[in-house]
There are 2 protein chains.
Amino acid sequence: MTQPRAERPHTGRRRNEAAHRAILDSALRLLSESDGTPVTIDAIARTAGVGKQTVYRWWPSKGAVLLDALVDQAGQVVPDPDTGSLREDLRAFITATFDGAQSTPSAPALRTLVREAAHDVHLAETMRTFIATRRATLRDLLTRGRDSGELPDDADLDLIVDQIYGVFWYRFLLGHAPLDHAAADRLTDSLLGDRNAGMPQPGRAPRYGQS
Amino acid sequence: MTQPRAERPHTGRRRNEAAHRAILDSALRLLSESDGTPVTIDAIARTAGVGKQTVYRWWPSKGAVLLDALVDQAGQVVPDPDTGSLREDLRAFITATFDGAQSTPSAPALRTLVREAAHDVHLAETMRTFIATRRATLRDLLTRGRDSGELPDDADLDLIVDQIYGVFWYRFLLGHAPLDHAAADRLTDSLLGDRNAGMPQPGRAPRYGQS
DNA sequence: TTGTATCGAGACTTGTAGTCTCGTCAAGGA
DNA sequence: TCCTTGACGAGACTACAAGTCTCGATACAA
């Protein structure tokens, strides 16, 4: 794992940042315009006015380009609301997740990306870590809620996380049902108990102690 | 849509049922043994001792072969318990769904199949209808529960269905958390209210009337 | 000016789905 | 029995996409 860069500074022509940007832009555009058919490297390079080798000089695989394009525009902003109320935090997180995937022009892009990930090991791995940060944030949010007594001590946080992301991906990929604010609200209430939304209730007071 | 078969009975050699079976068996075996790499038609035909054209004489695409192989061995048996208790019915349905996908040797096969479906329109469509029958059964089960008052009238049945299948597919495909009986139980309780599992409780009595 | 690394361009290799062709084989009809 | 018909195994072939390789041109620094 020697780094030759440390020995000799750099000679020769520098990498072209403009080409880098053009590739990302083309990738994102093609991804957005895709009707489900996979986006090809040839198409990306051609529309970016760039040689294929240039693409592979910056990224190791097609999947890496596509994911980078999407991340680049979506930003790495993970919502992490902290209003003091678990219910409000959760509602905000779910709403932001739903909105984030739908409002941007990247919805079809993200769908295409998932399809590509099914065959691209490199992309699948990168996506997993991308998703993991969001899962971790959500889990922290739930942990706060459990510590404050808004969730019972024996609540299965992983199951709650999976119910949220399960519903999200399931509806996002199949598109058979909406991912709107109403759905976010109902999902929140379903997970925290929908009969007493926001209202304190004796039978549900915080419990300290192992079940 | 004329049926020439009605005019002239049939002449020539008949289709070989043995070849048909051999293809399905080979497909299923390769699917089961697959480590994630896609199963090729060449491999199926070769291990079945059959020409590629014979495969395409029976099925329109690779995906059709794979799905048929899986359906053939899994059977079309959709669990539909009716014990009189929604909670028990739901628990049984979820447990059966979890078990069905995992206990058989078809778990890796099903995972591979989903990956293939990402690129095969024909397969994706067939799979959608396959899944739809299961969704419908689950929805009927929930409707029974709502009619009997075990679910409130304003319960979002579609959301419950999606929570169940969302968690199922999410965990099945990612494999980061178990799909065991404990998980099925917790999911059931989460959806019906986990604080009073099986016990009648005044504050949660069935409510008739729109919210 | 010269050495070096990147550039655009495109030929090339590899792998796979699906088609086409060929000689063979089985089944029914004449 | 022989002939027609259509399925059979085998494999060549086409189409297409990922990724590699090569080439002459170009930009930057010593």
Side-chain angles (χ1 to χ4, degrees), chain A residues 3-5 7-23 26-27 30-31 34 36-68 112-113 115-124, chain B residues 4-5 7-23 26-27 30-31 34-68 112-113 115-124:
Chain A
Q3 297 236 350
R5 220 168 297 151
E7 304 168 14
R8 191 164 46 71
H10 184 266
T11 57
R13 186 176 183 171
R14 305 306 169 80
R15 286 191 176 184
N16 186 354
E17 282 295 331
H20 185 263
R21 271 248 57 85
I23 292 167
S26 293
L30 291 173
L31 219 38
S34 163
T37 52
V39 176
T40 69
I41 286 282
D42 278 279
I44 295 174
R46 198 165 352 100
T47 60
V50 143
K52 269 208 302 183
Q53 187 58 54
T54 303
V55 177
Y56 283 104
R57 204 169 280 121
W58 289 84
W59 294 274
S61 73
K62 186 180 77 159
V65 182
L66 298 183
L67 184 63
D68 209 6
T112 303
L113 200 60
R115 260 197 291 272
E116 303 271 354
H119 281 295
D120 187 325
V121 182
H122 189 282
L123 172 58
Chain B
R5 219 166 300 150
E7 304 168 15
R8 193 165 43 72
H10 183 268
T11 58
R13 188 176 181 171
R14 306 305 168 78
R15 286 193 176 182
N16 186 352
E17 282 297 331
H20 184 265
R21 271 250 56 86
I23 291 167
S26 293
L30 291 173
L31 219 38
S34 163
D35 58 345
T37 51
V39 176
T40 69
I41 286 281
D42 278 280
I44 294 174
R46 202 170 345 103
T47 60
V50 145
K52 270 210 296 184
Q53 189 58 52
T54 303
V55 177
Y56 283 103
R57 204 169 280 123
W58 290 83
W59 294 273
S61 72
K62 187 180 77 161
V65 182
L66 299 183
L67 185 62
D68 208 7
T112 304
L113 199 61
R115 260 196 291 274
E116 303 271 353
H119 281 295
D120 186 324
V121 183
H122 189 282
L123 173 58

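All chains are named by letter (A, B, ...) in the order of the sequence lines, taking the proteins before the strands, and each is independently numbered beginning at 1.
- For a distance-only test at 3.5 Å, the side chain of Q53(A) fails to qualify as a donor-acceptor partner of the base of dC7(C).
- The two atoms that bring E116(B) and K62(B) nearest to each other are OE1-NZ, 2.8 Å, heavy atoms only.
- Contact annotation: W59(B) side-chain N/O to dA17(C) OP1/OP2 distance is not under 4.0 Å.
- Rounding to whole angstrom units, CH2 of residue W58(A) and P of dA5(C) are separated by 16 Å.
- Toward the 5′ end of DNA chain C lies the nearest nucleotide of R15(A), the other residue of the pair D120(B) and R15(A) mapping further downstream.
- Nearest heavy-atom pair, A124(A) versus A117(A), reported as atom, atom and distance to 0.1 Å: CB-O, 3.7 Å.
- Atom pair E17(A):CD and dC7(C):P shows a separation of 10 Å (rounding to whole Å applied).
- Taking every heavy atom of residues 38-45 of chain A and every atom of DNA chain D, pairs under 4.0 Å involve V39(A), T40(A), I41(A), by number.
- Listed by first and then second residue, the side-chain hydrogen bond (donor to acceptor under 3.5 Å, both in side chains) pairs involving residues 40-52 of chain B are S26(B)-T47(B) (not counting sequence neighbours).
- Counting any heavy atom pair closer than 4.0 Å across all strands shown, R57(B) reaches a base atom.
- Within 3.5 Å, no donor on the side chain of R13(B) pairs with an acceptor on the base of dC8(D), nor the reverse.
- What separates CG of L30(A) from P of dA18(D) is a distance of 12 Å, to the nearest Å.
- Nucleotide dC8(D) holds its P atom 15 Å from the CZ atom of R21(B), rounded to whole Å.
- Taking 4.5 Å as the limit, some side-chain heavy atom of W59(B) sits within range of a side-chain heavy atom of I23(B).
- If you measure from atom NZ of K62(B) to atom P of dT16(C), you get 9 Å, rounded to the nearest angstrom.
- Rounding to whole angstrom units, OH of residue Y56(B) and C1' of dC8(D) are separated by 17 Å.
- Between L123(A) and G63(A), the shortest heavy-atom distance links the atoms CD1-O, 3.3 Å.
- Scanning all heavy atoms of the two residues, the minimum distance from A27(A) to L66(A) falls at CB-CD2, 4.3 Å.
- The main-chain N or O of R57(B) is found under 3.5 Å from a side-chain atom of R15(B) such that the two form a donor-acceptor pair.
- In the interface, the side chain of K52(A) is not paired with the base of dG8(C) through any donor and acceptor atom under 3.5 Å apart.
- At the phosphate of dG28(C), OP1 or OP2 sits under 4.0 Å from a side-chain N or O atom of R14(B).
- In this structure, T54(A) reaches the dG8(C) phosphate: one of its side-chain N or O atoms is under 4.0 Å from OP1 or OP2.
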